Undergrad: 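The following block contains the structure, expressed as structure tokens.
This one's a predicted model, so the numbers in the text were calculated from it and none came from an experiment. Just so you know, these numbers use all the heavy atoms, side chains as well, and skip hydrogens, waters and symmetry mates.
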Amino acid sequence: MKDKKLTYADMAGMNLQIIMRGDSLESLEKEAKRIQEEFEEKKVLYYHGILYDKLTLSIGFSEYPNKAKGKSELIYQTDVALYNAKNLGKDKVHLYKDAIFTNSQAY
């Protein structure tokens with residue numbers, strides 16, 4: 001994936017963390033959805049059958065410095081958003097504030 005907005009990527013287990021620059025939350029969400037679409041295009045080319053159905057892409061994201069105040073908080077927030085996205089179903093994109101709101105409704 002080649003993109004001028006991509007500044008850092010780190011693979012940790014089955015999770016991939018990407019830090020992107022964006023003008024607004026809307027532009028970041030649009031970029032996350034573009035990544036999902038590209039993932040689906042590649043998945044169709046290389047995977048079939050049961051493996052195709054099991055391979056999904058959920059994305060959690062947050063915003064610095066408006067939501068997270070530092071690196072650790074940013075990683076924590078995106079992690080919370082990612083796991084919330086995974087718990088809500090396959091192939092979801094979730095912003096951190098949505099994750100907090102949804103989790104509070106569950107209790």
Side-chain angles (χ1 to χ4, degrees):
M1 186 169 56
K2 294 179 182 179
D3 197 317
K4 293 179 183 178
K5 293 181 181 180
L6 180 66
T7 58
Y8 175 77
D10 177 42
M11 182 79 95
M14 296 297 288
N15 298 329
L16 175 66
Q17 298 172 344
I18 301 172
I19 296 175
M20 296 184 300
R21 295 183 182 140
D23 301 327
S24 65
L25 284 176
E26 293 79 22
S27 69
L28 291 174
E29 186 174 19
K30 185 177 178 180
E31 184 66 16
K33 290 183 179 186
R34 187 197 64 76
I35 290 169
Q36 260 188 332
E37 289 171 5
E38 188 174 328
F39 173 80
E40 285 300 317
E41 289 171 8
K42 303 292 186 212
K43 189 169 97 169
V44 168
L45 293 174
Y46 298 105
Y47 298 98
H48 306 286
I50 295 170
L51 187 55
Y52 177 87
D53 293 333
K54 290 186 176 197
L55 193 60
T56 63
L57 178 65
S58 297
I59 298 174
F61 68 104
S62 186
E63 183 183 25
Y64 171 85
N66 293 336
K67 295 193 184 329
K69 302 304 178 203
K71 178 183 172 184
S72 296
E73 191 175 14
L74 182 62
I75 292 169
Y76 170 78
Q77 289 179 2
T78 56
D79 221 29
V80 168
L82 171 63
Y83 283 99
N84 190 60
K86 287 180 177 184
N87 287 331
L88 292 173
K90 297 177 180 180
D91 299 315
K92 302 287 183 194
V93 174
H94 250 283
L95 172 62
Y96 177 71
K97 73 174 184 175
D98 294 337
I100 300 269
F101 181 74
T102 303
N103 284 339
S104 66
Q105 282 187 329
Y107 295 105

Undergrad: From the options Asn84, Leu82, Ile59, select the one residue that forms a side-chain contact (heavy atoms from CB on, under 4.5 Å) with His94.
TA: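 Of all the options given, the one that passes is Asn84.
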Undergrad: Same cluster for Ile50 and Leu57 if Ile/Leu/Val/Met/Phe/Trp/Tyr side chains link at under 4.5 Å?
TA: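 Ile50 does not cluster with Leu57.
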Undergrad: In Å and rounded to the nearest 0.5 Å, what is the CD to CG distance from Gln77 to Asp79?
TA: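 That separation rounds to 11.0 Å.
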Undergrad: Distance-only, no hydrogens or angles: does the Lys90 side chain make a donor-acceptor pair with backbone N or O of Lys86 under 3.5 Å?
TA: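 Judged by distance alone, no pair lies under 3.5 Å.
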Undergrad: To the nearest 0.5 Å, what is the distance between CG (Asp91) and NZ (Lys33)?
TA: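 Separation between the atoms: 12.0 Å.
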Undergrad: Does Leu25 offer a backbone N or O that forms a donor-acceptor pair with the side chain of Glu63 under 3.5 Å?
TA: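 Judged by distance alone, no pair lies under 3.5 Å.
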Undergrad: Glu37: which residues meet the side chain to side chain contact (heavy atoms under 4.5 Å, CB included) condition with it, sequence neighbours left out?
TA: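 Testing Glu37 for side chain to side chain contact (heavy atoms under 4.5 Å, CB included), a comparison that skips the adjacent residues, returns none.
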Undergrad: Should we count OH of Tyr52 as having more than 12 external heavy atoms under 6.0 Å?
TA: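 Atom OH in Tyr52 is packed in, count exceeds 12.
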Undergrad: Nearest 0.5 Å please: distance from the OH atom of Tyr47 over to the CG atom of Asp53.
TA: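 The OH atom of Tyr47 sits 13.5 Å away from the CG atom of Asp53.
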Undergrad: Looking at residues at least two apart in the chain, or sitting in another chain, which of them share a side chain to side chain contact (heavy atoms under 4.5 Å, CB included) with Asn87?
TA: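 Asn87: no side chain to side chain contact (heavy atoms under 4.5 Å, CB included) contacts found.
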Undergrad: Are there more than 12 heavy atoms of other residues, nucleotides or ligands under 6.0 Å from atom NZ of Lys54?
TA: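 Open.
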Undergrad: Flag the pair Arg34 / Glu38 as yes when at least one side-chain heavy-atom distance between them is below 4.5 Å, and no otherwise.
TA: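 Sidechains of Glu38 and Arg34: in contact.
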Undergrad: Tell me every residue that passes side chain to side chain contact (heavy atoms under 4.5 Å, CB included) with Thr78, counting only those two or more places apart in sequence or in another chain.
TA: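 If we apply the side chain to side chain contact (heavy atoms under 4.5 Å, CB included) test to Thr78, skipping adjacent residues, the hits are Ser62, Leu74.
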Undergrad: Among the clusters formed by ILVMFWY side chains lying less than 4.5 Å apart, do Leu28 and Tyr64 turn up in the same one?
TA: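 Shared cluster, no.
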Undergrad: For Tyr96, is there any backbone N or O sitting under 3.5 Å from a side-chain donor or acceptor partner on Lys67?
TA: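 Here the side-chain-to-backbone pair does not exist.
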Undergrad: Cluster question for you: counting only ILVMFWY and a side-chain heavy-atom cut-off of under 4.5 Å, with indirect links fine, are Leu95 and Ile75 together?
TA: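 Each belongs to a different hydrophobic cluster.
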Undergrad: Report the C-alpha separation of Glu26 and Lys30 in whole Å, then their side-chain angles, then the decisive distance to 0.1 Å, and conclude whether the salt bridge (Lys or Arg N to Asp or Glu O under 4.0 Å) test is met.
TA: CA-CA 6 Å; Glu26 293 79 22; Lys30 185 177 178 180; over 6 Å; no
Undergrad: Please find the pair of heavy atoms, one from Ala85 and one from Ser58, that lie closest to each other, and give the distance.
TA: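 Ala85 and Ser58 have their closest heavy atoms at CB-CB, 4.2 Å.
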